[in-house]
Amino acid sequence: MTLNLSVLTLNQIIWDSEVEEIVLSINSGQIGLLPNHAPIATTVDIGILRILLNDQWLTMALMGGFARIGNNEITILVNDVEKGSDIDPQEAQRNLEIAKANVKKAEGRRQKIEANLALRQTRTRAEASNLIS
């Protein structure tokens with residue numbers, strides 16, 4: 001038995017196919033989803049989406065959104081997404097170092113919030129690029 005997974009942005013369909021299992025980052029942590037999971041609707045956090053397909057794990061960096069799960073169908077609408085296989089690990093690591101430096105030199109509440117958000121996003125991209133099996 002499989003799940004039908006759709007990952008969408010406002011402008012395009014990123015993924016639409018059957019999968020065996022997923023692990024999704026939500027605001028309260030991570031949730032694993034297998035066939036016949038109870039129906040839920042949840043917010044999606046900035047984090048990694050892990051997809052099990054043909055006994056191989058694939059990754060995507062998700063930048064927040066919403067998910068609806070029910071009847072073996074998962075629809076994830078996200079602000080932005082990038083497949084782990086499309087991310088250059090060296091570039092992601094360089095951007096992560098820059099984001100860390102920006103957090104250290106941020107001044108004022110707004111600048112600190114923006115720098116921490118950018119850090120979370122770049123850390124997610126770096127993790128997604130390094131989790132490719």
Side-chain angles (χ1 to χ4, degrees):
M1 185 168 270
T2 59
L3 298 161
N4 186 22
L5 173 65
S6 298
V7 179
L8 318 159
T9 66
L10 292 177
N11 301 325
Q12 71 185 104
I13 298 170
I14 305 301
W15 183 281
D16 189 18
S17 72
E18 291 187 349
V19 300
E20 298 161 32
E21 176 183 354
I22 72 165
V23 178
L24 179 63
S25 294
I26 61 174
N27 288 349
S28 59
Q30 291 187 332
I31 183 172
L33 300 167
L34 293 165
N36 299 319
H37 194 282
I40 59 169
T42 185
T43 55
V44 174
D45 201 5
I46 295 170
I48 306 295
L49 169 64
R50 290 176 177 83
I51 302 167
L52 183 60
L53 180 65
N54 300 323
D55 295 324
Q56 184 177 8
W57 286 97
L58 308 170
T59 61
M60 289 188 196
L62 303 182
M63 298 301 154
F66 298 93
R68 186 184 69 199
I69 296 104
N71 297 325
N72 291 323
E73 293 187 10
I74 303 168
T75 303
I76 303 172
L77 176 62
V78 290
N79 299 321
D80 198 12
V81 59
E82 198 168 358
K83 293 179 182 176
S85 59
D86 293 344
I87 301 171
D88 177 344
Q90 288 78 26
E91 176 193 346
Q93 190 60 41
R94 282 192 302 275
N95 290 339
L96 180 59
E97 296 307 318
I98 291 168
K100 287 178 181 178
N102 288 340
V103 166
K104 288 181 181 177
K105 67 182 181 184
E107 296 179 10
R109 181 180 170 103
R110 182 182 176 127
Q111 219 177 41
K112 288 179 182 180
I113 290 170
E114 290 173 352
N116 277 301
L117 177 60
L119 177 60
R120 287 184 64 206
Q121 292 171 335
T122 56
R123 181 175 286 132
T124 296
R125 287 186 77 247
E127 287 176 12
S129 71
N130 291 323
L131 291 173
I132 300 167
S133 354

Residue pairs passing the salt bridge (charged side-chain N to carboxylate O under 4.0 Å, His left out) test with at least one member in residues 6-27, sequence neighbours excluded, are none

side-chain contact (heavy atoms from CB on, under 4.5 Å) partners of Ile31, counting only residues at least two apart: Leu24, Ile26, Leu33, His37, Ile40

Mind checking what makes side chain to side chain donor-acceptor pair (under 3.5 Å) contact with Glu91, not counting sequence neighbours? none

Restricting to side chain to side chain donor-acceptor pair (under 3.5 Å), what partner residues turn up for Asn4, sequence neighbours left out? none

Checking Asn116 now: which residues fulfil side chain to side chain donor-acceptor pair (under 3.5 Å) with it, not counting sequence neighbours? none

Taken in chain and number order and not counting sequence neighbours, the residues that satisfy side-chain contact (heavy atoms from CB on, under 4.5 Å) with Gln30 are Val23, Ser25, Arg50

Qualifying residues under side-chain contact (heavy atoms from CB on, under 4.5 Å), relative to Gln12, sequence neighbours excluded: Thr9, Ile14

Sort and list the pairs that fulfil salt bridge (charged side-chain N to carboxylate O under 4.0 Å, His left out) and have at least one residue in residues 110-123, not counting sequence neighbours. Asp45-Arg120, Arg110-Glu114

Does a side chain donor of either Trp57 or Thr59 reach within less than 3.5 Å of an acceptor in the other side chain? no

Which atom pair, heavy atoms only, marks the closest approach of Ala115 to Asn102? CB-O, 3.9 Å

All heavy atoms of Ile87 vs all of Ala61, minimum pair found to be CD1-CB, 4.4 Å

Check side chain to side chain donor-acceptor pair (under 3.5 Å) between Asn54 and all other residues, then give those that pass, not counting sequence neighbours. none

Does Asn71 have any side-chain contact (heavy atoms from CB on, under 4.5 Å) partners at least two apart in sequence or in another chain, and if so, which? none

What salt bridge (charged side-chain N to carboxylate O under 4.0 Å, His left out) pairs are there with at least one residue in residues 25-41, not counting sequence neighbours? none

If you look only at distance, which donor and acceptor atoms sit under 3.5 Å apart when one is on a side chain in residues 73-83 and the other is two or more places apart or in another chain?
residue	atom	partner	partner atom	Å
Asn79	ND2	Met63	O	3.2
Asn79	ND2	Gly64	O	3.4
Glu82	OE1	Arg125	NE	2.7
Glu82	OE1	Arg125	NH2	3.4
Glu82	OE2	Arg125	NH2	3.2

Looking only at heavy atoms, the pair that brings Ile69 and Ala38 closest together is CG2-O, 4.0 Å

